[in-house]
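A short worksheet on the structure shown next.
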Amino acid sequence: MIKSLLYRFFAFPLRSQFYETLKLTIIYILIYMAFNKRVKIKALLEKDYTDQDATIMGWVRTKRSNKNVSFIAINDGSSIKNFQVVADPNLINEEILKKATTGACLKVSGKIVTSQGAGQQNELNASKIEILGEADPEKYPLQPKKHSLEFLREIAHLRVRTNTFGAVFRVRHALAFAVHKYFNDKGFFYIHTPIITASDAEGAGETFKVTTFDLKNPPLTADGKIDYKADFFERETNLTVSGQLEGELAAMGLADIYTFGPTFRAENSNTTRHLAEFWMIEPEMAFYDAEDNQDLAEDFLKYIISYALENCKDDIEFLDKRAQEEESTKKANQRSEMGLLERLQFVVENEFQRLTYTEAIDVLKNSNYNKKKKFQYLIEDWGVDLQSEHERYLVEKHFKKPVILTDYPKEIKAFYMRQNDDGKTVAAMDILFPGIGEIVGGSQREERLDLLTKRMEEMNIPTEEMWWYLDTRRFGSTPHAGFGLGFERLVLFVTGMGNIRDVIAFPRTPGHAEF
RNA sequence: UCCUCCUUAGCUCAGUUGGUUAGAGCACAUGACUGUUAAUCAUGGGGUCCUAGGUUCAAGCCCUAGAGGGGGAGCCA
């Protein structure tokens, strides 16, 4: 229909002078639009545009000039790779070239030609350069050189313009997308659990309070306490520390669900693997037992890592090289045995090591580290919580691969975990990864109302406030399981970065909420 | 929160047992160069040595306190 209209419009000369003029104008506009249509650099690198006109827009990374020619490396974020613009000072105004400094944003139109230089296949011969936004080179803090991650953290609003952070955030996106794809393909439903909750009984640490009160002058009850009944929600509320409990409710009807949302912990943790605001993925599955849960977690991790390896090849190769350079500055005994790419490949191709807490204690007890007292905390008795030095020994020294630890003593785990028949342990699982420690924590849930209620009472969890949670055990209860995966820890592992603050665009940690 | 290390030019870092005018590379400016690859070469500008106090004839360097940052521990994802 449209095709035939266009055909008639352009193919048959019309008598009217007006239509002739209109036709020419439209043809001109179409050519202009085609010529000016922005092409992403990723597309220029993937398809053959040789001898075609193109327009690119992006930020200047470096400019190299001599009397006869300027080379401008442009990056538009679509790829880690820059595209080289060649500017002839006879064609491009000197003032424009002068303003095309590192950090400036440019629109460049011209012809894509085969490069005469060695560093790239094609380049753009500029016929027109437009400065979209200048960047005063005296003040612009990013230079075409290596900056420290600590310095870049202070300019988090600009660091997305660097190779490293561009790569990190493209990989982060791929991983996030893969999470949804994996669960969707498996028939899971994405549930949005609340960010504001009234329950602080989830047993996951300090919370951020949510209130509309004037903090200097909150309404008080007769006995002088803060009167939360007068607050917006008519009760004490805080930011969520986990979507798990609500996730369980949803799984008791939709069977297989997952959550992927922001999570908050107000703990004063100053480490390379904790954030006050982070993103957590929490699948919850009805009819799954502990082993089904482990199988799913392992398969899921392998899938999303493979997805990133396949879809972010350039970025991960860059990060691999970066990590190698970083490693070479470390002392020999602190270097990891595998490079980033190798490590990712290894995780995808090998089975995770599964063992119980009890077996792990045996391994640690008999280890040379324990005998030679190399551990700061020596392993003596069954029942102690494992320190991170022990976890690291198991993963990095003993098994040298991801480890799934199961069946922990009930005393050191949460109230909702299913009690094993031995009366001592619960059906918990932690997945430990080299370098980052615990990446997944999960369990089969206690589905038996009597046992759950008893355990809650033992651990001083208010059963009355949690009536809605216990209702799932009262009505149509069934074995079910789930786990939580810290998204940033995963990104940390896949990108090979060392600090969790460098894998989220605008990190929130104690004392830091800028940007 | 605890332990530990660090803070010198816009950035990355030297700076000797305390000694007189604090250096380098990159960045920036100017110039040179017929195609560069974080281009190269030459010249130049650029400093509250984190802050406050103290010791000393003399402090970037030593002492005390504070601030900021890194790493480790705990908590955990």
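Protein chains get the first letters and strands the later ones, always in sequence-line order, with residue 1 at the start of each.
In this structure, K410(A) fails the cation-pi test against F415(A), since its NZ or CZ atom is not both closer than 6.0 Å to the six-membered ring centre and inside 45 degrees of the ring normal.
Atom CG in N125(A) sits roughly 15 Å away from atom P in U36(B) (whole-Å rounding). If you take CG of L405(A) and P of C76(B), they are 15 Å apart, rounded to a whole angstrom. Rounded to whole angstrom, the span from the NZ atom of K63(A) across to the C1' atom of U36(B) amounts to 13 Å. Taking atom CD of E154(A) as the reference point, atom P of G10(B) lies 13 Å away to the nearest angstrom. Atom CD of E267(A) and atom C1' of C76(B) are 6 Å apart (whole Å). Rounded to whole angstrom, the span from the CD1 atom of I281(A) across to the P atom of C76(B) amounts to 20 Å. With rounding to whole Å, L432(A) atom CG is found 14 Å from C76(B) atom P. Atom-to-atom, CD1 of I500(A) to P of G70(B) comes out at 14 Å; the value is rounded to the nearest Å.
Using a 30° and 60° split on the angle between ring planes, Y357(A) and Y408(A) fall in the tilted class, from 30° to 60°. Using cut-offs of 30° and 60° on the angle between ring planes, the pair F183(A) and F188(A) is tilted.
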Within the sub-3.5 Å range, which N or O atoms of nucleotides 41-46 of chain B have a protein N or O partner, and how far apart are they?
none

What pairs of nitrogen or oxygen atoms, one from the protein and one from nucleotides 71-74 of chain B, lie under 3.5 Å apart?
from   : atom 1 : to      : atom 2 : distance (Å)
G71(B) : OP1    : N499(A) : ND2    : 3.2
G71(B) : OP2    : N499(A) : ND2    : 3.1
G72(B) : OP2    : T272(A) : OG1    : 3.3
A73(B) : OP1    : S388(A) : OG     : 3.0
A73(B) : OP1    : R392(A) : NH2    : 2.3
G74(B) : OP1    : Q387(A) : OE1    : 2.7
G74(B) : OP1    : S388(A) : N      : 3.2
G74(B) : OP2    : S388(A) : OG     : 3.1
G74(B) : N2     : N268(A) : O      : 3.3

Output one line per pair: protein atom, nucleotide atom from nucleotides 25-27 of chain B, and distance, for all N/O pairs under 3.5 Å.
from   : atom 1 : to      : atom 2 : distance (Å)
G25(B) : N2     : K145(A) : NZ     : 3.2
A27(B) : O4'    : Q143(A) : OE1    : 3.3

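Under 4.0 Å is where a charged nitrogen must lie from a carboxylate oxygen, and between E317(A) and K313(A) at least one such pair does. A salt bridge links E488(A) and R172(A); the closest N-O separation between the charged side-chain nitrogens and carboxylate oxygens is under 4.0 Å. Checked for salt-bridge contact, K321(A) and E325(A) miss the test: no charged N lies under 4.0 Å from a carboxylate O.
Within 4.0 Å of I439(A), counting heavy atoms only, lie sugar-phosphate atoms of the nucleic acid but no base atom. F151(A) comes within 4.0 angstrom of the backbone, heavy atoms only, and of no base. Across all strands, K139(A) comes closer than 4.0 Å to no nucleic acid atom at all (heavy-atom distances). In this structure, G441(A) reaches the sugar-phosphate backbone alone: every heavy-atom distance under 4.0 Å involves primed, P, OP1 or OP2 atoms, never a base. Contacts of Q120(A) with the nucleic acid, taken as non-hydrogen atoms under 4.0 Å apart, include base atoms. Across all strands, L275(A) comes closer than 4.0 Å to base atoms (heavy-atom distances). In this structure, E391(A) reaches neither bases nor backbone, as no heavy-atom distance under 4.0 Å exists between it and the strands shown.
Between the C1' atoms of G70(B) and U12(B), the separation comes to 15 Å (whole Å). Using atom C1' as the reference point in both U30(B) and G46(B), the two lie 15 Å apart (nearest Å). Distance noted for atom C1' between A9(B) and U48(B): 13 Å (whole Å).
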For R455(A) and E458(A), what are the C-alpha separation, side-chain angles and deciding distance, and is it a salt bridge (charged side-chain N to carboxylate O under 4.0 Å, His left out)?
-> CA-CA 5 Å; R455(A) 191 78 191 119; E458(A) 280 167 14; 2.5 Å; yes
How far apart are the C-alpha atoms of Y369(A) and H390(A), what are their side-chain angles, what is the distance that settles it, and do they pass the side-chain hydrogen bond (donor to acceptor under 3.5 Å, both in side chains) test?
-> CA-CA 9 Å; Y369(A) 268 56; H390(A) 305 131; over 6 Å; no
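Interatomic distance, M280(A) CE to L485(A) CG, rounded to the nearest 0.5 Å: 9.5 Å. Note that OH of Y307(A) and NZ of K181(A) are 7.0 Å apart. Values are rounded to the nearest 0.5 Å. Between the CG atom of L340(A) and the OG1 atom of T495(A) there is a distance of 7.5 Å, given to the nearest 0.5 Å.
Within 6.0 Å of the CZ atom in F177(A), the count of heavy atoms belonging to other residues, nucleotides or ligands does not exceed 12. The 12-atom threshold is not exceeded at NZ of K40(A), counting heavy atoms of other residues, nucleotides or ligands nearer than 6.0 Å. The environment of CD in Q52(A) is crowded: more than 12 heavy-atom neighbours from other residues, nucleotides or ligands sit within 6.0 Å.
H147(A) has no side-chain polar atom (N or O) that falls below the 4.0 Å cut-off from OP1 or OP2 of G10(B). Contact check, R64(A) against A39(B): a side-chain N or O comes under 4.0 Å of OP1 or OP2.
Counting only distance, with no hydrogens or angles, the side chain of Q121(A) and the backbone of S115(A) share no donor-acceptor pair below 3.5 Å.
The ring pair (Phe, Tyr, Trp, His ring centres under 6.0 Å) check on F318(A) picks up nothing, with sequence neighbours excluded.
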Give the dot-bracket string for RNA chain B, reading 5' to 3', where a pair is Watson-Crick or G-U wobble with both distances under 3.5 Å, ( ) marks pairs inside the strand, [ ] marks pairs crossing earlier ones, | marks a partner on another strand, and . marks unpaired.
-> (((((((..((((.....[...)))).(((((.......))))).....(((((..]....))))))))))))....
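The residue from D385(A), D430(A), T425(A) that alone fulfils the side-chain hydrogen bond (donor to acceptor under 3.5 Å, both in side chains) condition with K413(A) is D430(A).
Contact check of residues 68-87 of chain A against RNA chain B (heavy atom, cut-off under 4.0 Å) returns N68(A), F71(A), Q84(A).
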